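The first residue in the sequence is number 1, and the count goes up from there. Every value quoted in this text rests on a predicted model; they were computed, and no experiment measured them.
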Amino acid sequence: MSDWPHIKSQLYQEIVLRLEQNIQEAQLAYVQAKESRDSDTKSSAGDKYETGREMMQREMDKCSALIDQNRHSMQIIQHVPIHRTYESIDKGALIVTDRGSYYMLVGLGKISLEQKDYFAISPESPIGSLFLGKKVGEYILLREQKITVQGIY
């Protein structure tokens, strides 16, 4: 397949879309948890009221962390050139192996394009850190499985 720049661009756009969706969903969940916390009326059972408020506060904190994490990922990918060529694997590389294809950007899991699966991985992930610096023809060992790099785009 010689259309790697097009595929890489599509993968990048899909990652941006997923990050934006994750942010929107977390923001909505935050607002709902805040409304629930704020609308909870003080009942005669004070402990129940406090427990409910605490649960909603935890949910809000979790949503805030997700928003921050996804915004941070957006900032990271904006500084990675899409059309760069690679001698060895680095952040932004599309990696084609004998066991699948990986896009080294942020960890979002499987992305399907044109009936083919790609895996969005982070350089900090276990598999991403193994791939860093590898060149075509070199391999990594993951769970006793040999994965050979066939192309870097």
Side-chain angles (χ1 to χ4, degrees), residues 1-38 52-153:
M1 190 180 307
S2 62
D3 201 16
W4 291 115
H6 175 69
I7 289 170
K8 194 171 169 182
S9 180
Q10 284 184 301
L11 287 168
Y12 183 88
Q13 292 305 319
E14 180 63 26
I15 288 170
V16 168
L17 182 66
R18 286 191 187 184
L19 290 173
E20 288 172 346
Q21 287 174 338
N22 289 349
I23 291 168
Q24 289 174 354
E25 289 170 6
Q27 286 173 331
L28 178 62
Y30 179 91
V31 168
Q32 290 171 338
K34 185 176 186 321
E35 287 173 353
S36 177
R37 182 200 67 188
D38 294 347
R53 286 184 58 85
E54 180 61 32
M55 286 174 49
M56 289 303 107
Q57 185 60 50
R58 285 185 190 161
E59 185 65 23
M60 289 167 56
D61 293 344
K62 185 175 108 181
C63 292
S64 285
L66 278 171
I67 292 166
D68 291 345
Q69 178 185 1
N70 282 280
R71 284 183 176 157
H72 179 71
S73 293
M74 286 288 270
Q75 289 173 343
I76 288 171
I77 68 173
Q78 289 172 352
H79 299 308
V80 177
I82 284 185
H83 303 294
R84 178 182 158 206
T85 56
Y86 297 85
E87 290 287 320
S88 63
I89 297 172
D90 198 0
K91 186 179 285 185
L94 178 59
I95 309 156
V96 178
T97 75
D98 60 340
R99 305 264 182 187
S101 298
Y102 304 85
Y103 190 24
M104 176 88 72
L105 201 54
V106 292
L108 285 179
K110 183 167 78 168
I111 298 174
S112 298
L113 286 180
E114 301 174 9
Q115 290 133 16
K116 186 164 176 10
D117 292 336
Y118 301 85
F119 296 91
I121 61 172
S122 163
E124 293 83 21
S125 69
I127 191 168
S129 61
L130 290 174
F131 272 128
L132 280 175
K134 296 292 185 214
K135 297 180 179 179
V136 172
E138 294 182 335
Y139 66 90
I140 65 168
L141 288 173
L142 183 69
R143 294 186 207 110
E144 300 177 21
Q145 187 175 18
K146 183 178 176 181
I147 303 173
T148 305
V149 177
Q150 297 176 328
I152 306 169
Y153 305 95

Please give me the minimum heavy-atom distance between [X] and [Y], naming the atom from each residue.
X	Y	answer
Lys34	Met60	CA-SD, 3.6 Å
Pro126	Ser129	O-OG, 3.0 Å
Pro123	Leu132	O-CD1, 3.9 Å
Lys135	Ile152	CA-CD1, 3.9 Å
Leu113	Ile7	CD1-O, 4.0 Å

Exercise. Tell me, please, which residues at least two apart from Arg71 pass salt bridge (Lys or Arg N to Asp or Glu O under 4.0 Å).
Key: none
Distance in Å, [X] [atom1] paired with [Y] [atom2], rounded so as to fall on 0.5 Å steps:
X	Y	atom1	atom2	answer
Arg58	Cys63	CZ	SG	14.0 Å
Ile127	Ser122	CD1	OG	11.5 Å
Leu130	Leu141	CG	CG	8.5 Å
Met104	Ile121	CE	CD1	4.5 Å
Ile67	Ile23	CD1	CD1	8.0 Å
Ile15	Leu17	CD1	CG	11.0 Å

Just wondering, do [Y] and [X] contact through their side chains at under 4.5 Å, heavy atoms?
X	Y	answer
Leu28	Gln24	no
His6	Glu114	yes
Phe131	Val149	yes
Tyr30	Ser64	yes

Practice problem: Check the pair Met74 / Gln69 against side chain to side chain contact (heavy atoms under 4.5 Å, CB included), numbers first and verdict last. | Solution: CA-CA 9 Å; Met74 286 288 270; Gln69 178 185 1; over 6 Å; no
Exercise. For the pair Tyr12 (side chain) and Ile77 (backbone), establish whether a donor and an acceptor sit closer than 3.5 Å, ignoring hydrogens and angles.
Key: yes
Quiz item: For Gln75, does its backbone N or O pair with a side-chain atom of Gln78 as donor and acceptor, under 3.5 Å?
Solution: no
Quiz prompt | Those residues that, when tested against Glu59, pass side chain to side chain donor-acceptor pair (under 3.5 Å) (two or more places apart) | solution = none
Self-check item: Residue pair Gln13, Gln10: steps toward the side chain to side chain contact (heavy atoms under 4.5 Å, CB included) verdict
Solution: CA-CA 5 Å; Gln13 292 305 319; Gln10 284 184 301; 5.8 Å; no
Exercise. Please report the C-alpha distance between Leu108 and Tyr103 in whole Å, then the side-chain angles of each, then the deciding distance to 0.1 Å, and finally whether the side chain to side chain contact (heavy atoms under 4.5 Å, CB included) criterion is met.
Key: CA-CA 10 Å; Leu108 285 179; Tyr103 190 24; over 6 Å; no
Between side-chain atoms of residues 79-102 and protein atoms elsewhere (two or more places apart, or another chain), which donor-acceptor pairs fall under 3.5 Å?
| residue | atom | partner | partner atom | Å |
| --- | --- | --- | --- | --- |
| Tyr86 | OH | Lys91 | O | 3.1 |
| Tyr86 | OH | Gly92 | O | 3.3 |
| Thr97 | OG1 | Arg99 | N | 2.9 |
| Thr97 | OG1 | Gly100 | N | 3.0 |
| Thr97 | OG1 | Gly100 | O | 2.6 |
| Asp98 | OD1 | Thr148 | N | 2.8 |
| Arg99 | NE | Lys146 | O | 3.4 |
| Ser101 | OG | Lys116 | NZ | 3.4 |

